[in-house]
There are 2 protein chains.
Amino acid sequence: MNKEFEQQESNISGEGFLPGLAIDTVIFGFHDNQLKVLLLSYKNSSLYALPGGFIHDNEDVNQAARRVLESRTALTNIYLEQFYVFGDYSRYDPTPLKAIMHARGYTAPDNHWLLKRFVSIGYYALVDFTKAVPTPDDISDSCDWYSLDDLPVLMQDHRQIIEKALQTLQNNLDQKLIGFNLLTDEFTMGDLQSLYETILNKKLLRAAFQRKMLSLGILERIAKKWTGGAHKAPYLYRFISNNVTADTF
Amino acid sequence: MNKEFEQQESNISGEGFLPGLAIDTVIFGFHDNQLKVLLLSYKNSSLYALPGGFIHDNEDVNQAARRVLESRTALTNIYLEQFYVFGDYSRYDPTPLKAIMHARGYTAPDNHWLLKRFVSIGYYALVDFTKAVPTPDDISDSCDWYSLDDLPVLMQDHRQIIEKALQTLQNNLDQKLIGFNLLTDEFTMGDLQSLYETILNKKLLRAAFQRKMLSLGILERIAKKWTGGAHKAPYLYRFISNNVTADTF
DNA sequence: CCTTATTGTAACACAATGATACAATAATAA
DNA sequence: TTATTATTGTATCATTGTGTTACAATAAGG
């Protein structure tokens with residue numbers, strides 16, 4: 001697990017992995033009223049990238065995505081969903097990976113499996129920012145949260161992947177009730193509204209929002225939260241429902 | 001193009017194709033108030049299958065799906081959308097393809113690329129039943145429409161693929177306005193309602209349906225249609241909008 | 001011209017949402 | 001203690017959307 005990439009690197013033919021197929025995961029978190037994504041930065045390189053990985057030849061694709069997610073966040077039972085396959089030929093560009101391997105002191109032969117064309121299956125995950133433990137993989141310097149409106153320069157088409165993941169999240173937010181996965185277990189109505197406003201990138205009417213959320217019958221009102229502010233204390237709520245982890249099928 | 005499979009068959013290593021990656025296309029049509037899908041039946045076999053194919057190593061994945069769609073329907077400019085990647089390990093079963101090749105008098109070596117594990121990218125398409133020209137591929141006896149509620153026994157997990165495509169279509173029907181792609185250029189409000197009822201599998205109220213559709217501002221009222229029935233003649237409508245062909249990105 | 005079936009739409013009830021208003025209430029200061 | 005302040009919870013009303021019923025407007029056919 002620790003020297004995973006080293007094994008992949010020295011495994012020139014890619015034995016044990018599905019060839020040409022990768023997973024990229026957009027892991028969303030919410031903090032300081034900002035939507036964040038988890039990004040890796042590679043050693044000896046200025047490149048940032050989405051957490052990703054490859055699929056073992058005896059492993060379900062969804063399971064591989066979950067493995068990637070769990071190894072970068074140290075969390076299990078997380079909302080995770082496929083959203084798009086990125087398969088344009090124009091994505092094919094072995095130079096970044098070649099550079100990474102070169103920086104590691106490894107010169108790959110041109111027919112190395114990692115330098116061939118890859119099709120990437122995009123997943124997005126929604127995690128509790130306070131619970132996730134960002135964990136670099138073995139070729140990364142760092143694994144950290146970056147605000148969506150202040151992203152560093154990303155490898156390949158990872159920026160478009162994030163953009164598309166965000167669109168999917170926006171589309172799904174009202175239908176599937178998945179926003180709660182981004183909050184802590186207990187939250188105020190203000191927290192929830194702020195989350196919705198951030199994701200949808202628009203202001204919502206407080207009274208209507210609260211009425212609608214309460215009418216859904218999925219919130220349990222707990223206790224009051226004394227914030228220290230000079231005003232009425234908000235209630236805390238908890239999300240009540242089948243703890244959907246998705247994978248959809 | 002005509003001997004496409006023969007080339008794939010004799011090409012033991014799968015040179016020129018992305019390995020382990022396939023496309024399956026659920027092509028929907030609407031006729032006789034029934035939702036239909038296009039299925040192939042294989043020569044010397046009782047197996048039915050979705051139209052599918054492989055991706056050339058210099059071809060966009062979406063383009064490959066479009067190529068498959070166009071070669072089975074003889075249509076261009078069709079609504080086509082990715083909906084799910086089927087990547088469970090349990091899908092892996094080389095026997096059907098082995099049987100097909102065997103029936104063709106070809107005995108494949110065990111390491112033949114077509115007998116390895118495949119991950120399949122599911123697409124669905126919406127076509128005008130009256131315009132499509134079902135066209136078998138070179139290993140098929142037939143390419144024909146089958147009603148969704150009377151499907152033959154299908155290869156591998158193709159039945160689940162259809163089921164999932166239908167769910168996606170149901171979910172998208174109201175949001176994206178794509179149902180029109182299943183009708184002829186001109187249609188009555190009754191045709192449209194019947195289509196919606198069939199896809200959603202529930203009765204809709206005529207007055208409310210008509211009011212809503214007209215309020216969307218996407219229908220142009222043409223002329224009246226004299227059906228020969230002893231009653232008021234319905235108007236014909238045409239769908240007005242950006243002719244969305246999707247691929248989404 | 002009367003019957004029949006179907007279409008287009010009006011009319012009303014009810015539900016959902018937008019918008020405004022206001023009472024309730026924690027802290028702080030007077 | 002009491003007034004002040006900001007924020008929360010919810011009532012209220014207007015507007016819009018949808019469910020439901022009803023009915024006038026026809027195309028045939030007798």
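Small disclaimer: the values here were computed from a predicted structure and weren't measured. Within every chain, numbering begins at 1; the chains are lettered A, B, ... in the order of the sequence lines, protein sequences first and strands thereafter.
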Roughly how many Å is it from [atom1] in [X] to [atom2] in [N], rounded to a whole number?
X	N	atom1	atom2	result
B:Phe209	C:dT9	CZ	P	15 Å
A:Met189	D:dG9	CE	P	7 Å
A:Gln210	C:dT20	CD	C1'	16 Å
A:Leu219	D:dG9	CG	C1'	14 Å
B:Gln193	D:dG19	CD	P	12 Å
A:Lys232	D:dT7	NZ	P	14 Å
A:Ile222	D:dT8	CD1	C1'	17 Å
B:Leu205	C:dT7	CG	P	15 Å

Worksheet entry | Aromatic contact, B:Tyr48 with B:Tyr42 (centres under 6.0 Å) | no
Of D:dG9, D:dA22, C:dT6, the nucleotide closest to the side chain of B:Arg206 is D:dA22
Kindly say whether A:Leu204 contributes a backbone atom to a donor-acceptor pair with the side chain of A:Gln193 at under 3.5 angstrom? yes
Note to self: I'd like to know if the side chain of A:Asp191 reaches the main chain of A:Thr188, judged simply by a donor and an acceptor atom lying under 3.5 Å from each other, with no hydrogens or angles considered.
What the structure shows: yes
Ranking B:Ala207 and A:Ala207 by the position along DNA chain C of their nearest nucleotide, the one closer to 5' is B:Ala207
Taking for B:Gly190 and for A:Arg211 the nucleotide of DNA chain C with the nearest heavy atom, the one nearer the 5' end belongs to B:Gly190
Note: for A:Leu214 and B:Ser215 on DNA chain D, the residue whose nearest nucleotide lies more 5' is A:Leu214
Subject >> A:Lys212 vs C:dA16: side-chain N/O to OP1/OP2 distance below 4.0 Å >> reply: no
Notebook entry, point to check: Under 6.0 Å from the six-membered ring centre of B:Tyr235 and within 45° of its axis: does the NZ or CZ of B:Arg221 meet both?
Noted result: yes
